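Report on the structure given below.
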Amino acid sequence: MTDKPLIIVEDLAKTFVLHNAESATIPVFQDLTLQVAAGECVVLAGESGVGKSTLMRSIFGNYLPTQGAVKVWHDGAYVDITQANPHEVLEVRRRTLGYVSQFLRVIPRVPTLQLVMEPLLENGVPFEEARDRAAELLSALRLPQAHWDLPPATFSGGEQQRVNIARSFIRKYPVLLLDEPTASLDAENRAIVVRLIKEALAEGAAMIGIFHDLDVRDAVASRLFEVSQFKAAA
Amino acid sequence: MNAIPGRIAPAPLLSVEGLTKWYGHVLGCRDVAFDLRPGEVLGIVGESGSGKTTLLNCISGKLTPTSGEVRFDTRRFGLTDIYGLSEPDRRRMQREEWGFVHQNPRDGLRMRVSGGANVAEPLMNLGARHYGEMRQSTIDWLDRVELDTRRIDDKPRNFSGGMQQRIQVARNLIHGPRLVFMDEPTGGLDVSVQARLLDLLRELVRDLGLAVIIVTHDMAVARLMADRLMVMKGGEVVETGLTDQVLDDPQHPYTQLLVSSVLQI
Ligand SMILES: Nc1ncnc2c1ncn2[C@@H]1O[C@H](COP(=O)(O)OP(=O)(O)O)[C@@H](O)[C@H]1O
Ligand SMILES: Nc1ncnc2c1ncn2[C@@H]1O[C@H](COP(=O)(O)OP(=O)(O)O)[C@@H](O)[C@H]1O
Ligand SMILES: [Mg+2]
Ligand SMILES: [Mg+2]
């Protein structure tokens with residue numbers, strides 16, 4: 001483990017330009033600076049539309065920032081996600097940087113157990129080990145075993161969300177971004193996710209989260225980060 | 001195969017530079033450049049007439065470009081300009097190391113021989129002589145693309161378009177190619193068969209380091225299959241990048257239009 005921050009966001013700015021709406025511009029934030037250390041969970045705060053998801057997606061390389069840098073500690077060095085080639089970003093995502101959104105997006109018809117094993121198989125983990133770890137995680141998340149051989153398309157929102165969480169936590173990412181991963185879970189399942197988050201933090205993961213349940217936020221947050229401090233001038 | 005699962009080797013498998021094709025005064029594609037690594041899936045999207053098929057044909061050695069280079073890391077000669085190879089060497093390399101799935105299965109199948117023979121033919125071309133093994137391998141592949149293996153001796157014309165497409169896919173994967181080109185491969189397929197094929201391809205990419213260049217107009221297919229996207233318009237690449245970034249935060253006006261025109265991806 002390192003005592004360097006695992007995420008360094010420097011002078012980040014993001015403005016959307018909508019070319020087909022008379023080039024309307026939507027400034028979201030500017031000069032945004034943030035560092036997250038190992039074992040720390042920074043919770044993004046602020047009202048809807050302030051730019052919490054935009055910041056998270058910019059860190060993941062899903063959105064292209066207008067300016068600034070996003071450095072992620074990967075394999076003993078920083079990789080600037082805003083400058084890296086697609087294959088470098090994919091490599092960082094494969095082993096270091098995870099992102100859990102509210103939505104499960106997978107190839108239809110693939111059974112749940114296989115979907116959860118997939119990230120490990122991609123990393124070269126042997127089949128049996130991948131299967132055992134997937135089973136363990138799905139059990140921990142209390143997804144009924146009868147569901148494991150089914151594709152998640154017909155599952156409830158909460159069940160799909162747990163499949164999504166399993167697909168991310170199985171890789172034990174050193175850096176994890178959580179965009180309302182508990183939005184459709186009941187209190188009991190939220191508590192399980194809180195436990196998974198705390199275990200990962202104890203093992204040294206750095207996290208950035210967006211949670212609108214106050215119980216989850218209070219249970220996991222090391223500190224709050226107000227995105228509105230960096231509001232870009234319109 | 002020597003690809004390390006989960007890691008993309010640094011050396012390119014394919015390297016394209018300055019690729020331009022004119023049909024007389026009509027532009028096919030202009031100044032296209034990219035590298036592709038083993039285990040990488042590149043998606044090419046864009047409206048009809050934007051040059052996708054022209055580009056794919058130029059890259060895959062089917063259509064001589066007006067200018068530019070296509071270099072492939074051939075087993076026999078290393079990284080080589082494919083248009084610098086002799087015709088027989090190029091054809092042999094295409095047969096041994098590539099697959100090409102045409103948009104219309106009739107263009108990629110031999111209509112006079114059985115579906116099974118179509119699937120087995122690439123093995124025969126590579127010198128396989130053991131009939132029992134070839135038949136077994138053919139049955140395995142028909143099964144993997146979810147075709148009824150009892151129909152192995154039927155002629156392609158007796159299969160539906162979607163089934164013909166699956167025969168064509170099996171025919172282009174059975175010999176273990178390192179690079180597969182696909183031109184709108186899932187267009188005529190039921191969604192459930194399409195899902196099966198996408199899963200099969202992802203598995204080959206993951207386990208064998210197969211590289212794929214896939215032309216598609218279906219943004220959902222692009223999202224699930226491709227690591228990287230190239231967006232074409234009027235013969236030129238107007239935007240390129242990580243698939244989810246291009247789809248979720250498109251920069252070019254044309255890509256913004258393309259992405260905002262689909263219902264839900
Ligand atoms: N892909 C996008 N294209 C254009 N505008 C976007 C996009 N994503 C977010 N925005 C805009 O950026 C602003 C911040 O949105 P978001 O980051 O989703 O806020 P939050 O997560 O805090 O609710 C909003 O005005 C939103 O409309
Ligand atoms: N054989 C040909 N002769 C003349 N023009 C052609 C030929 N093939 C394609 N074109 C032209 O080249 C352009 C690109 O076509 P194509 O590569 O088929 O696009 P796409 O596959 O994106 O629909 C179009 O303007 C098309 O009319
Ligand atoms: Mg949000
Ligand atoms: Mg075409």
Side-chain angles (χ1 to χ4, degrees), chain A residues 14-24 26 28 53-54 56-66 75 81-95 99 101 103-111 114-115 117-127 130 151 153 171, chain B residues 3-10 12 34-42 146 191-203 205-207 220-221 223-230 239-261 264-265:
Chain A
K14 178 63 182 173
T15 295
F16 292 100
V17 180
L18 308 181
H19 293 288
N20 301 300
E22 289 162 352
S23 293
I26 305 176
V28 184
S53 297
T54 298
M56 194 170 274
R57 286 167 177 264
S58 301
I59 295 171
F60 192 59
N62 177 231
Y63 283 179
L64 200 68
T66 319
D75 261 0
I81 297 292
T82 67
Q83 301 298 318
N85 294 322
H87 75 270
E88 293 168 329
V89 176
L90 289 175
E91 189 53 30
V92 173
R93 288 182 182 180
R94 235 186 304 270
R95 293 188 291 114
Y99 169 62
S101 75
F103 309 104
L104 181 65
R105 244 188 202 136
V106 291
I107 296 180
R109 285 186 65 198
V110 180
Q114 195 183 319
L115 287 173
M117 293 166 61
E118 193 76 30
L120 290 184
L121 296 177
E122 267 182 36
N123 287 15
V125 173
F127 187 88
R171 263 184 178 157
Chain B
I4 306 164
R7 292 194 80 151
I8 291 173
F34 67 91
D35 280 355
L36 189 74
R37 291 165 189 75
E40 233 182 340
V41 181
L42 172 69
E146 300 187 314
V191 281
S192 85
V193 176
Q194 172 173 317
R196 171 66 201 130
L197 281 185
L198 297 181
D199 185 37
L200 177 64
L201 282 173
R202 288 277 9 155
E203 194 181 301
V205 166
R206 183 191 74 207
D207 296 342
V221 168
R223 187 188 284 278
L224 292 173
M225 268 306 290
D227 300 315
R228 245 184 331 144
L229 284 187
M230 275 190 343
E239 179 160 1
T240 175
L242 208 55
T243 297
D244 58 279
Q245 189 255 293
V246 171
L247 295 178
D248 293 336
D249 188 14
Q251 306 294 305
H252 190 277
Y254 174 66
T255 319
Q256 292 189 350
L257 194 63
L258 193 71
V259 167
S260 65
S261 307
Q264 201 204 14
I265 43 167

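All chains are named by letter (A, B, ...) in the order of the sequence lines, taking the proteins before the strands, and each is independently numbered beginning at 1. Side-chain atoms are counted along with the backbone in the values below, which use heavy atoms only and exclude waters and symmetry mates. Every value quoted in this text rests on a predicted model; they were computed, and no experiment measured them.
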(message) In the structure I gave you, are the side-chain heavy atoms of A/Leu90 and B/Leu242 within less than 4.5 Å of one another anywhere?
(response) yes
(request) Quick one: which of A/Glu118, A/Arg57, A/Gln114 has the most heavy-atom pairs under 4.5 Å with chain B, could you say? (result) A/Glu118
(message) Quick check on the interface: out of B/Gly241, B/Ala195, B/Pro250, who has the most heavy-atom pairs with chain A under 4.5 Å?
(response) B/Ala195
(request) Against chain B, label A/Val89 side chain, backbone, both or neither, depending on which of its atoms sit under 4.5 Å from a heavy atom there. (result) side chain
(request) Go through the atoms of B/Thr240 and report whether side chain, backbone, both or neither lie under 4.5 Å from a heavy atom of chain A. (result) neither
(request) With the side chain counted from C-beta on, respond yes when B/Leu224 and A/Pro108 share a heavy-atom pair under 4.5 Å apart, and no when they do not. (result) yes
(request) Between chain B and each of A/Asn20, A/Asn62, A/Leu18, count heavy-atom pairs under 4.5 Å; write down the option with the most. (result) A/Asn62
(request) For B/Gln245, check side chain to side chain donor-acceptor pair (under 3.5 Å) against everything at least two apart and list the hits. (result) none
(request) With rounding to the nearest 0.5 Å, note down the distance linking CG in A/Leu121 to CZ in B/Arg202. (result) 12.5 Å
(message) Tell me if a side-chain donor or acceptor on A/His87 pairs with a main-chain N or O of B/Leu36 at a distance below 3.5 Å.
(response) no
(request) Tell me, for A/Val106 versus chain B, whether the close heavy atoms (under 4.5 Å) come from the side chain, the backbone, both or neither. (result) backbone
(request) Could you walk me through whether B/Asp244 and A/Arg105 pass salt bridge (charged side-chain N to carboxylate O under 4.0 Å, His left out), step by step? (result) CA-CA 12 Å; B/Asp244 58 279; A/Arg105 244 188 202 136; over 6 Å; no
(request) Could you pull out the closest heavy-atom pair between A/Arg109 and B/Ser192, with the gap in Å? (result) NH1-O, 2.7 Å
(message) Just to verify, what does B/Asp35 make a salt bridge (charged side-chain N to carboxylate O under 4.0 Å, His left out) with, not counting sequence neighbours?
(response) none
(message) For the CD1 atom of A/Ile107 and the CD atom of B/Gln194, what is their distance to the nearest 0.5 Å?
(response) 10.0 Å
(request) Name the region of B/Gln251, side chain, backbone, both or neither, that has any atom closer than 4.5 Å to a heavy atom of chain A. (result) both
